[in-house]
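Here's the structure we're looking at; comments come further down.
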Protein chains: 2
Amino acid sequence: MNIGEASGRSGLPAKTIRYYEDIGLIRPDRGGNGYRDYGSDDVHKLRFLNRSRSLGFSVDECRQLLALYEDKSRASADVKEIATAKLTEIDRKIRELTELRRTLEHLVHACHGNERPDCPILEELSEG
Amino acid sequence: MNIGEASGRSGLPAKTIRYYEDIGLIRPDRGGNGYRDYGSDDVHKLRFLNRSRSLGFSVDECRQLLALYEDKSRASADVKEIATAKLTEIDRKIRELTELRRTLEHLVHACHGNERPDCPILEELSEG
DNA sequence: CTTGACCTTCCAGTTACAGGAAGGTTCATA
DNA sequence: TATGAACCTTCCTGTAACTGGAAGGTCAAG
């Protein structure tokens with residue numbers, strides 16, 4: 001498929017997809033006309049990149065995560081080590097998001113009148 | 001306190017803290033020597049910024065979130081609307097992180113031998 | 001009163017894109 | 001067959017959110 005369809009299916013702008021190719025994250029085929037040609041596995045990777053980037057992982061971390069699945073020569077112990085480190089980080093992110101969620105919900109419910117209450121919720125916010 | 005201590009307490013590099021001042025996110029006092037002087041509420045905000053940035057919110061979104069607590073003149077309905085939108089986004093992030101977590105854990109447990117198995121886990125990864 | 005660890009501003013570089021120009025390709029329609 | 005819209009290409013510039021480093025002022029300890 002062309003880059004437009006890959007964009008539509010992955011949710012990433014075509015610009016970003018080309019950029020990811022520039023920095024070596026994906027390697028689509030090329031048709032005779034010079035157009036990029038993406039397979040469904042490419043789309044899977046792009047969707048994955050879209051998600052993990054939006055969750056605060058750097059492009060380099062995404063590269064590591066992708067490598068967990070792609071680098072056939074990597075020994076299992078390495079994979080486990082990296083994956084385990086990422087798991088710890090993911091758990092932290094989930095915890096922090098949950099706290100942030102709780103705090104925001106508190107605010108939403110606290111504001112029942114027409115005026116914002118003067119509650120010092122920032123403390124709660126930053127206690128993580 | 002000086003910027004070094006604020007950095008230590010918030011987890012943000014001093015460079016970043018100065019940058020956040022440049023773009024108007026925080027307004028520390030200045031001592032007679034020209035040094036920035038941070039209070040504990042500043043540290044709270046900085047910790048909050050550190051967290052929400054690492055969770056994939058843009059600086060502008062962080063600004064909105066901070067404004068929910070700072071803008072005393074804002075009507076409650078507005079606060080609710082913004083906060084509710086953020087809640088939806090946070091829920092999505094939590095869902096996606098949970099899926100990513102599950103997939104990574106799967107990989108860790110699947111790799112019991114010395115060689116990485118050739119499992120096409122990418123599909124699972126990108127189904128969110 | 002100097003030394004080292006702070007702090008300041010300023011300027012340049014990096015990452016991860018986004019916008020837009022200039023031009024080639026494809027495909028439906030006149 | 002032609003022409004126009006909607007694709008695609010590369011290239012170059014701009015932006016966001018930092019990061020590093022230079023050049024120099026401040027402060028507390030010995």
Side-chain angles (χ1 to χ4, degrees), chain A residues 1-40 42-43 45-67 86 89 93 96 100, chain B residues 1-40 42-43 45-67 86 89 93 96 100:
Chain A
M1 78 192 75
N2 285 347
I3 199 170
E5 192 174 342
S7 167
R9 292 200 190 179
S10 67
L12 285 172
K15 280 273 180 185
T16 303
I17 297 179
R18 291 195 195 94
Y19 173 71
Y20 285 166
E21 182 178 355
D22 278 356
I23 63 175
L25 282 180
I26 40 166
R27 312 226 175 248
D29 293 342
R30 292 283 178 142
N33 51 10
Y35 285 18
R36 292 168 178 83
D37 183 22
Y38 297 89
S40 66
D42 292 320
V43 173
K45 291 182 198 174
L46 291 172
R47 288 176 63 85
F48 168 71
L49 287 169
N50 190 12
R51 282 215 282 167
S52 38
R53 285 291 294 127
S54 93
L55 294 171
F57 290 98
S58 72
V59 165
D60 237 52
E61 289 172 321
C62 292
R63 198 191 297 274
Q64 279 183 25
L65 287 167
L66 265 190
K86 290 297 168 204
E89 206 177 332
K93 281 174 190 283
E96 291 181 357
L100 184 56
Chain B
M1 77 193 75
N2 284 347
I3 199 171
E5 192 174 344
S7 166
R9 292 199 191 178
S10 66
L12 284 173
K15 279 273 181 186
T16 303
I17 297 180
R18 291 197 195 93
Y19 173 70
Y20 285 165
E21 182 178 354
D22 278 357
I23 63 175
L25 282 180
I26 39 169
R27 311 226 177 246
D29 292 342
R30 293 283 177 142
N33 50 11
Y35 286 18
R36 291 168 178 85
D37 183 21
Y38 297 89
S40 66
D42 291 321
V43 173
K45 291 183 198 175
L46 291 171
R47 288 176 62 86
F48 168 71
L49 287 168
N50 190 10
R51 283 215 279 167
S52 38
R53 285 292 295 127
S54 93
L55 294 171
F57 290 98
S58 73
V59 164
D60 238 53
E61 288 172 322
C62 293
R63 199 190 297 273
Q64 278 184 27
L65 287 167
L66 266 189
K86 291 297 169 206
E89 204 177 334
K93 281 175 190 282
E96 291 181 357
L100 184 55

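The structure presented is a predicted model; accordingly, all values stated were derived computationally and were not measured. Below, all heavy atoms of this structure are taken into account, side chains as well, without hydrogens, waters or symmetry copies. Chain identifiers are assigned alphabetically (A, B, ...) following the order of the sequence lines, protein sequences preceding nucleic acid strands; residue numbering begins at 1 within each chain.
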Task: NZ or CZ of B/K45 within 45° of B/Y38 ring axis and under 6.0 Å - done: no

TODO: Take the protein atom CD of A/E21 and the nucleotide atom C1' of D/dC11, then report the distance between them rounded to whole Å.
DONE: 15 Å

Open item on the list: If you only use heavy atoms from C-beta on, which nucleotide in C/dC17, D/dT10, C/dC6 is closest to the side chain of B/Y35?
Closed with: C/dC6

Open item on the list: In this structure, how many angstroms lie between the P atom of D/dC11 and the CZ atom of A/R18, rounded?
Closed with: 12 Å

Task: Whole angstrom value for the distance that separates C1' of C/dA18 from CD1 of A/I23 - done: 15 Å

Open item on the list: What is the distance, to the nearest angstrom, from the CG atom on A/L55 to the P atom on C/dA16?
Closed with: 16 Å

- [ ] Verify, without hydrogens or angle tests, whether A/E5 (side chain) and A/N2 (backbone) share a donor-acceptor contact under 3.5 angstrom.
- [x] no

TODO: Please report the shortest heavy-atom distance between B/Y20 and B/L12, naming the atom on each side.
DONE: CE1-CD1, 3.8 Å

Open item on the list: Any non-hydrogen side-chain atom of B/L25 less than 4.5 Å from a side-chain atom of B/C62?
Closed with: no

Open item on the list: From the set D/dC8, C/dG20, C/dT9, return the single nucleotide nearest to any side-chain atom of A/K15.
Closed with: C/dG20

Open item on the list: Is there a side-chain contact between B/N33 and the phosphate of D/dC27, meaning an N or O under 4.0 Å from OP1 or OP2?
Closed with: yes

Open item on the list: Is the phosphate of C/dA18 approached by A/T16 (side-chain N or O, under 4.0 Å from OP1 or OP2)?
Closed with: yes

Task: Side chain of A/N2 (C-beta onward), nearest among D/dT9, C/dC17, D/dC8 - done: D/dC8

- [ ] For A/M1 and D/dA6, give me the distance from atom CE to atom C1', rounded to whole Å.
- [x] 19 Å

TODO: Let me know the distance between CG of A/L12 and P of C/dA16, rounded to the nearest Å.
DONE: 14 Å

Task: B/Y20 side-chain proximity, nearest of D/dT19, D/dT26, D/dC18 - done: D/dC18

Task: Protein-nucleotide distance (A/D22, atom CG; C/dC17, atom C1'), rounded to Å - done: 11 Å

Open item on the list: What's the closest nucleotide to the side chain of B/Y19 if the choices are C/dC7, D/dC18, C/dC17?
Closed with: D/dC18

Open item on the list: Does C/dT9 have its OP1 or OP2 closer than 4.0 Å to a side-chain nitrogen or oxygen of B/R30?
Closed with: yes

Open item on the list: Of the options C/dT8, D/dT26, D/dC18, whose atoms approach the side-chain atoms of B/R53 most closely?
Closed with: D/dC18

Task: Minimum-distance nucleotide to B/R36 side chain [options: C/dT8, C/dA16, D/dT19] - done: C/dT8

Open item on the list: Donor-acceptor pair, distance only, cut-off 3.5 Å: does the side chain of A/D37 make one with the backbone of A/M1?
Closed with: yes

Task: Separation of D/dT9 C1' from A/I17 CD1 (nearest whole Å) - done: 15 Å

